[in-house]
Structure formats: structure tokens, C-alpha cells
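Presented below is the structure to which this report refers.
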Amino acid sequence: MSAWTIGYAVLLYVAFTVLVGGVVYKIGIYAMTPAPLRIPTMPAPRTRSGVAMRLGREVALFASLFRGDKWAWIWSYLFHVSLLLVLIQHLRYVLVPVPQWLVFESPFGSYAAFVLLISLAGLLGRRLMIARVRFVTAPSDYLILVLLLLIAATGALMRFVDRANIVGFKAFIQGVMALHLEPLPLSPLILVHVASVAGLMVIFPFSKLLHAPGVFFSPTRNQVDSSRLEAQGAGDASAADVSAQPQAHAPAMREGAR
Amino acid sequence: MSDIEVPVLQDYVPTPELKPGAMSHLKPFKASPEHQAALGFPGTLVDDWQEVAIRRLGELVDGSRALRVYLDSCVKCGACTDKCHYFLGTGDPRNMPVARQDLLRKVYRRYYTWAGRWFPWLVGATDLTEEVLDSWYSYYHQCSQCRRCSVFCPFGIDTAEISMAAREILDSVGVGQKYCNEILGKVHKIGNNLGLPEPALRNTLEGLEEDVKDATGVDVRFPVDVVGAEVLLITPSADFFAEPHIDGLIGYAKVFHQAGISWTLSSQASEAANFAMFIGSREQMQKVAQRVRDAAIALKVKRIVVGECGHAWRVAYAFWSTLIGPLDFLDPRYPRPQHICEVTEGLIARGALKLDMSANDDKVVTFHDSCNVARATRMGDRPGGQFTVPRSVIRSVCAHFVDMDPATIGDRTFCCGGGGGLLTDDLMELRVKGALPRMQALNAVVQDNKVTHMAAICAICKTQFSKVLPSYGLPREMVISVHQLVGDAIVLGAKD
Ligand code: SF4
Ligand code: SF4
């Protein structure tokens with residue numbers, strides 16, 4: 001068993017633990033932090049199911065971003081959708097035997113790699129070219145994009161150019177999962193790909209990547225518009241106004257006077 | 001105002017070139033030690049301010065999920081960067097919402113996150129230096145907490161929450177803003193923002209009764225402290241004496257009079273405004289709100305109605321239940337609390353008011369959605385009622401109504417430029433420049449649709465517009481209260 005194999009296996013165990021542990025910890029903190037005041041951005045849904053719809057639109061369609069910035073929406077939507085397809089395709093390293101639906105998904109997941117690359121280039125390009133965005137960019141923002149580009153590029157190369165090590169790599173992953181190590185094929189592409197994926201997993205719970213769980217905990221988006229006591233019954237205050245009140249110049253008015 | 005460079009109105013508001021530091025000189029006057037002490041804040045910068053500020057920041061984050069999630073989640077996508085009227089008006093990149101958040105975020109990251117502690121240069125984390133504190137004072141007082149940015153943020157990050165927290169931290173180390181803190185002191189001592197004592201208030205209201213009698217021949221009352229009245233009206237104190245607010249108050253009185261609803265003001269809670277929201281102090285906000293609950297109970301009223309005031313309606317609608325609730329001692333047949341526009345709309349819908357629209361025939365009216373009403377509250381039963389209810393009221397009393405550019409109304413409305421505790425002369429440059437997007441949209445309907453008036457339902461908006469309209473070559477009298485239109489159209493005593 002080579003030192004590479006052991007080193008990379010350990011790396012994956014550590015990265016996985018940090019990712020899952022960190023995100024679970026953060027979610028726990030988010031859930032436990034009180035949100036005493038009602039601050040939904042209005043107009044907000046008046047029911048829980050309405051809020052679920054609102055969050056669904058944010059997560060599935062990036063609805064607010066769409067209203068805010070069309071180009072940012074295009075690039076980030078393409079990025080997230082292609083990333084999702086690629087990730088699903090990677091399930092073939094985990095699920096044995098590969099289920100039928102995954103076989104069907106695979107071409108989509110494979111070619112999504114190109115969309116992934118293009119959208120990452122778009123995201124990086126606008127970060128560099130739009131002065132407003134550049135102004136608020138920290139080195140870590142570039143670092144995350146560069147990591148993702150590395151991951152996507154090496155992944156695409158392995159899928160479409162240098163396919164020789166895929167079978168061996170699958171065996172390695174299976175071994176890692178079974179706690180029974182198989183040798184890691186020593187291809188530079190694999191080494192870079194896996195190391196950068198592990199890097200991204202490790203920084204996830206310490207970085208802006210927390211936006212993924214964060215969106216579900218955002219009070220402006222997940223609160224129900226229910227903070228005032230609404231009129232009971234038909235809620236028709238005006239009907240009550242008229243029936244409960246006498247005519248004009250009413251005695252009630254007079255009583256109200258000093 | 002002469003030395004302020006007023007932006008030129010164009011066909012649209014261009015996204016400005018970045019002018020770093022363009023507004024860093026602007027700082028509102030600091031609160032005096034007495035004003036600070038009255039609110040329980042240190043009078044001057046405390047010696048161990050760094051420690052105090054960092055500790056307070058931690059406490060605030062521990063107590064607010066919003067703050068915690070927002071400080072973690074921003075991906076620097078830039079969608080919010082061109083949404084703030086202060087950025088559009090000044091070009092200062094620190095007035096881009098995300099950059100404004102970052103002033104606090106970089107300190108939070110430095111002291112409270114692993115990445116910021118070990119790799120500050122990588123994640124843009126910085127120590128809390130005097131310079132940073134200074135930039136907080138400057139730029140967190142260039143945010144009107146209008147929440148326009150939060151509408152477009154993919155995670156709903158609300159810069160208002162962050163600027164409120166920053167102001168609370170500043171107060172806790174002894175650097176308060178004069179305008180807000182002085183006013184809060186007056187509310188505690190005298191009962192309203194203007195410092196109008198009870199005798200003066202009664203006097204003013206008596207004068208108003210006479211004015212209305214002279215103008216209409218009808219005894220419309222403006223009652224104070226009437227025990228057992230049906231409605232307690234909580235309204236901004238500007239309504240008691242300043243134009244154009246006062247015509248709104250006359251409008252409310254005519255509505256109540258004509259509908260036969262007994263109502264009263266309270267001398268103890270003669271103020272709807274709650275500036276504690278602006279300085280982010282929940283404790284102060286609770287204290288100010290408590291006056292309303294106490295007054296309602298003492299006066300044995302059945303309903304609380306809130307007058308035309310944006311942030312007050314936010315506090316009432318969204319926060320009262322938490323701060324002073326539940327208001328379950330009030331009549332359950334009505335929303336608790338209720339907005340004056342809801343009352344009027346309901347009455348109009350029931351035909352309880354006789355209206356003569358021709359009274360407003362000389363006007364072509366547009367409506368300014370006030371940010372707090374638009375993005376933090378509702379009226380009526382349906383989401384979005386905060387947009388339709390006031391418009392429906394205006395349309396029932398005025399034949400000529402035109403909306404401004406849809407991108408500048410509704411939940412995308414632009415702040416007047418004076419909200420969030422910035423309505424002070426020492427921030428006039430910011431107020432003039434920040435009004436640009438609204439002025440632009442208004443000017444467009446003035447040119448294209450011959451709009452003569454802009455109605456509003458917020459005391460801050462009305463004051464701000466009266467002040468800045470002339471800078472843009474528009475008459476200050478353009479801005480009016482929605483209930484002035486109502487009051488002018490009501491035919492008193494004519495109900496059958
Ligand atoms: S809340 Fe309003 S004033 Fe403050 S940063 Fe956002 S858009 Fe600007
Ligand atoms: S829109 Fe939201 S996530 Fe994007 S930069 Fe602004 S605050 Fe950050």
C-alpha cells in the first residue's frame with residue numbers, strides 16, 4: 001500500500017468529517033440562535049406552506065437574485081445546476097451496482113462539466129471585470145472559484161480525455177468507504193482533483209459556502225407574515241365599523257369629546 | 001445647502017463610477033454625554049472600547065439569528081451593489097450594501113470565526129481599530145435601513161439589521177448619534193419626538209378644531225386623553241404642527257367624525273415614532289412601545305389605530321406583539337393594531353363616507369411607497385395590501401392618479417433619502433444625494449403625466465421631501481399626506 005493511497009484516504013476521511021461535522025454544528029448554532037423580532041421581507045406569505053413555497057423558489061430558481069441581477073443569475077444558476085448534475089453523476093462511484101436512473105443521468109452529468117467550466121469562467125470574469133463586484137471581493141472569493149475551476153477542469157479531463165484510471169479510482173473510493181483500502185491510481189489528474197475537492201470540503205463550514213444552509217435560516221425569507229393579531233371572523237373591519245357605529249354626528253362622537 | 005453638489009436628473013439613474021471615500025467625510029453630530037446618559041449609554045468613548053465593542057458584537061450575534069446567518073452567508077455576488085439609493089446618489093463604494101455590511105463583517109470574522117482568526121488576509125478580516133470604528137460611525141449613519149437591498153439578495157441579507165447592530169455597538173462604547181438619541185430622550189421625558197408638552201399639544205389641537213370649524217362650519221373634534229373612546233390614535237408628532245403633516249391629521253379627524261367613531265389621542269403616548277428601532281436598541285424600543293400599551297389600557301380604548309408614519313407602522317405591525325403583546329385586550333373584530341389607511345379604506349368600501357372627488361380635481365397625484373410600510377408590513381388581508389390599500393384610498397378621493405416607474409414602487413420602492421434616523425440637517429448632503437432615484441422617478445411622471453402632487457404616508461418621507469424637492473427644481477408643496485386628499489374630499493355631515 002503506497003503512502004499516496006494512505007495519505008489520500010486519510011485526507012478524504014478528514015475532509016468528510018470536517019464537512020459534515022462543521023455543517024451540522026453550524027446548522028445547530030443557526031437553529032439555536034433566537035430570532036425574537038419578526039423581519040420577513042414583505043410582501044411575505046401568511047402561511048407556513050406559503051413560506052415553504054417562497055424558500056422553494058429561492059432554492060430552486062434563485063428568485064430574488066433573478067430580480068436583482070440577470071447576469072449574476074445566469075452564471076450562478078448555470079453553475080449550481082451543472083454542479084448538481086455532475087455531483088449526481090459521481091454517485092456511480094458510491095452506488096454499486098449503478099442504478100438504472102443513474103445510467104440515464106450520466107450523459108447529462110458528464111456534459112454538464114462543460115457548462116460548469118463556462119459558468120465558473122463567467123463568475124470569475126464578472127468578479128474581475130465589474131468594478132463594484134471587484135471592490136467587495138476578498139482573496140478567498142477568488143480562491144474558491146479557482147478551486148472549483150481546478151476541480152471541474154481535472155474532472156472533465158479525466159472523463160473525456162484520459163479515462164484510463166477511472167476503474168481503478170472507483171475501486172479506491174469503494175475501498176475508502178468499506179474501510180478496506182485499494183491502491184489509488186497515481187495519476188496527476190486524480191491527485192489534483194481529489195486534493196482540491198477535499199480542500200473545498202474542508203473550507204465549506206468556515207466560509208461563505210455556508211450560504212447553502214444559511215438560506216434556509218434567513219429570517220427575512222423564512223418567517224411567516226403573522227405578527228399582528230388579525231381581525232377575527234371575516235376580517236371585515238369595515239362591516240363592523242358601520243354596524244357598530246351610529247349615524248353621523250353620533251352620540252359616540254360626542255361622548256368622545258372633552 | 002448651497003455647497004452640495006446636487007445630482008442632475010436624467011432619463012434613468014445611471015450606475016455611478018466608483019468614487020472611493022467620496023462620503024467618508026460625512027458624520028452626523030455626536031450625542032452629548034447628557035443625551036447618552038439619559039438612555040443608559042456611556043457619555044464618551046470608554047477606555048476599553050475595543051473590548052466592549054467586540055463583546056457587544058458577540059452578544060448581539062448570539063441573540064440574533066438574522067445577524068449570525070447574514071454575517072456568514074454573503075457570497076459577494078454583487079446583486080445588491082447597485083440597489084442602494086445612497087450608492088446611486090454618491091458613488092461611494094462603501095455605500096453599496098454588501099460593502100456596508102463588510103465593515104462589520106470583517107471585524108466579526110476577525111474575532112469570531114476560525115478563518116478570520118488564522119487567515120485574516122485571506123478572508124478580508126481586520127482588527128477593530130479606531131479607523132474602523134470611525135468608518136462604522138460614518139457609513140452606518142449613511143444607511144436608512146430601508147431594506148431595499150434585502151429584496152434582491154439571494155439570501156435576503158438585510159443590511160438594516162447589520163446597521164442597527166453597528167449603531168447599538170457604537171452606543172455601547174459611548175459614540176451615539178445626536179439626532180436619534182436626543183429625540184429618544186425627549187420621548188421618555190415629554191412623550192413625543194418634538195418635545196411638545198401636554199398643554200402645548202392641547203392648545204394646538206384646540207386651534208385645529210377652530211381652523212376646521214372656520215373652514216367647514218362643522219365641529220370636528222381632536223380629543224386628547226378621553227377615557228372610554230373607541231379608538232386610540234397613535235400618530236407621529238409632526239402631524240400636530242408641521243405642513244404637510246397637519247392636513248393629514250385633519251383628514252383622520254374628519255374620517256373618524258364622519259364615520260361616528262369616537263377616538264382620542266394620548267398625551268402620554270403622543271408619538272408614534274420609535275427611534276429606538278434606528279439605533280438597534282431592543283430595550284429602548286420596548287420602553288417606547290410600552291407607553292402605547294399603557295395608554296391604551298389607561299384610556300380603556302377598544303382599538304389602536306396608527307397614523308401615517310412608516311417606521312412606526314413597522315414597529316406597530318411587526319414588533320408590538322413581541323415587545324408589548326399580545327394586544328388581546330382590544331376588540332378582536334379589528335386588526336390589532338390597525339393602520340389609518342385600512343380604517344379609511346374599509347369605511348369607503350362600505351359607503352360610510354360621502355366623498356366629493358372634485359375637491360381634488362386640481363391635482364394629478366402619484367404615491368410614494370414608504371420603505372418600512374412597503375417592505376416590513378402589510379395592510380388589509382392580502383400580501384401586498386400595503387401597496388393596494390393606500391392607492392385604493394387615493395383613487396377613491398382623487399380622479400387623477402398615476403404611478404411612478406414600476407421599478408421604483410411597491411417592494412422595489414426607493415427610500416426618500418431621510419429614513420432610519422438620518423433626517424437631520426448635519427446629514428443634508430447625504431439626504432439630497434440619496435433622494436436622487438426617487439426624484440428621478442417623480443420628475444419623469446411630472447414631465448410625462450403632469451403629476452402635481454406626491455402623496456405619502458410617512459412623516460419622515462414628508463419632511464424629507466419638503467426639504468429636498470427644491471434642490472431638484474421641484475416645488476416643496478408637491479408632497480402631501482394621503483389623508484389630506486381624503487380630508488379635502490370628505491363631505492362633512494352629508495351622510496344619509
Ligand atoms: S438598507 Fe437601504 S440604505 Fe441601507 S444599505 Fe440597504 S438599500 Fe442602502
Ligand atoms: S446580494 Fe446578498 S449575497 Fe450578494 S453581495 Fe449583496 S448581500 Fe452579499
Side-chain angles (χ1 to χ4, degrees), chain A residues 30 33-39 41-46 62 64-65 67-69 72 130-133 135-141 206-208 210-211 214-215 217-221 225 227-232 235 237-242 245-250 252-253 255-258, chain B residues 18 63 65-66 68-69 72-79 81 93 96 98-99 102 114-115 122-124 150-156 158 221 223 226 229 257-263 317-319 321-322 326-327 332-336 346-347 349-350 352 375-378 381 383-384 493 495:
Chain A
Y30 290 161
T33 307
L37 292 177
R38 294 303 193 94
I39 58 166
T41 315
M42 300 286 200
R46 295 192 58 188
F62 304 1
S64 293
L65 182 60
R67 292 182 81 190
D69 187 329
I130 301 174
R132 284 177 284 122
V133 184
F135 184 88
V136 296
T137 299
S140 55
D141 298 313
F206 305 102
S207 68
K208 67 174 185 179
L210 283 170
H211 68 276
V215 62
F217 289 92
S218 170
T220 41
R221 293 291 185 266
D225 168 13
S227 45
R228 79 166 168 180
L229 289 174
E230 298 294 338
Q232 281 166 17
S238 46
D241 271 334
V242 171
Q245 292 304 323
Q247 297 300 301
H249 304 290
M253 185 61 218
E255 282 156 27
R258 272 173 285 134
Chain B
L18 300 193
R65 184 184 300 158
R68 174 160 261 146
V69 171
D72 276 353
S73 298
C74 173
V75 296
K76 315 296 164 88
C77 70
T81 51
M96 302 189 298
V98 42
D102 276 350
W114 186 85
L122 184 65
V123 297
S150 82
V151 170
F152 302 98
C153 173
F155 318 109
D158 184 354
R221 313 307 301 265
V226 177
H257 173 93
Q258 199 56 19
I261 300 170
S262 72
W263 67 289
Y317 179 92
F319 299 160
S321 58
T322 309
L327 298 174
R333 291 174 305 166
Y334 302 90
R336 293 148 284 170
L347 291 168
R350 297 291 306 170
R375 288 186 279 265
T377 75
R378 168 168 50 83
D381 287 331
K495 211 180 79 166

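Chain A is the first sequence line, chain B the second, and so forth, proteins listed ahead of strands; every chain is numbered from 1.
- T220(A) contributes no side-chain N or O that, together with a main-chain N or O of D158(B), makes up a donor-acceptor pair within less than 3.5 Å.
- For R65(B) (side chain) and T33(A) (main-chain N/O), a donor-acceptor pair under 3.5 Å exists by modelled atom type.
- Note: G156(B) leads G78(B), G156(B), G384(B) in heavy-atom pairs under 4.5 Å with chain A.
- Within the 4.5 Å cutoff, the side chain of D72(B) has heavy atoms near those of the Y30(A) side chain.
- Counting heavy atoms from C-beta outward, R221(A) and F155(B) have side chains that stay 4.5 Å or more apart.
- Counting only heavy atoms from C-beta outward, the side chains of L229(A) and Y334(B) never approach each other to under 4.5 Å.
- With hydrogens and angles ignored, the 3.5 Å screen pairs a side-chain donor or acceptor of S140(A) with a backbone N or O of L122(B).
- Residues K76(B) and V136(A) come closest through the heavy atom pair CD-O, 3.5 Å.
- Counting heavy atoms from C-beta outward, L65(A) and C77(B) have side chains that approach closer than 4.5 Å.
- Side-chain atoms of T322(B) never come within 3.5 Å of backbone atoms of L37(A) as a donor-acceptor pair (strictly under, hydrogens ignored).
- In plain terms, the two heavy atoms of S227(A) and S321(B) that are nearest each other are O-OG, 2.8 Å.
- For S218(A), the parts lying near chain B are the backbone and the side chain together; criterion is any non-hydrogen pair under 4.5 Å.
- Heavy atoms of A66(B) lying under 4.5 Å from chain A belong to its backbone as well as its side chain.
- Under the 4.5 Å side-chain criterion, counting only non-hydrogen atoms from C-beta, P383(B) is in contact with R46(A).
- Of all non-hydrogen atoms in S64(A) and C153(B), the two that sit nearest each other are CB-O, 3.4 Å.
- Judged by distance alone, the side chain of S73(B) and the main-chain N or O of V215(A) form no donor-acceptor pair under 3.5 Å.
- Only the side chain of V133(A) comes within contact range of chain B, with heavy atoms under 4.5 Å apart.
- Two residues are said to be in side-chain contact when any heavy atoms from C-beta on lie closer than 4.5 Å; R132(A) and L18(B) meet this criterion.
- Only the backbone of A44(A) comes within contact range of chain B, with at least one heavy atom under 4.5 Å from a heavy atom of that chain.
- G63(B) and P36(A) get closest at one heavy-atom pair: O-CD, 3.7 Å.
- Here the closest non-hydrogen pair linking F152(B) and G68(A) is CD2-CA, 3.4 Å.
- When each of A79(B), G124(B), P93(B), A99(B) is checked for heavy-atom pairs under 4.5 Å with chain A, P93(B) comes out on top.
- C74(B) touches chain A through its backbone: at least one of N, CA, C or O sits under 4.5 Å from a heavy atom, while the side chain does not.
- At a 4.5 Å heavy-atom cutoff, the contact between D225(A) and chain B is made by backbone and side-chain atoms alike.
- Looking at residues two or more places apart in sequence or on another chain, you find no side chain to side chain donor-acceptor pair (under 3.5 Å) involving R336(B).
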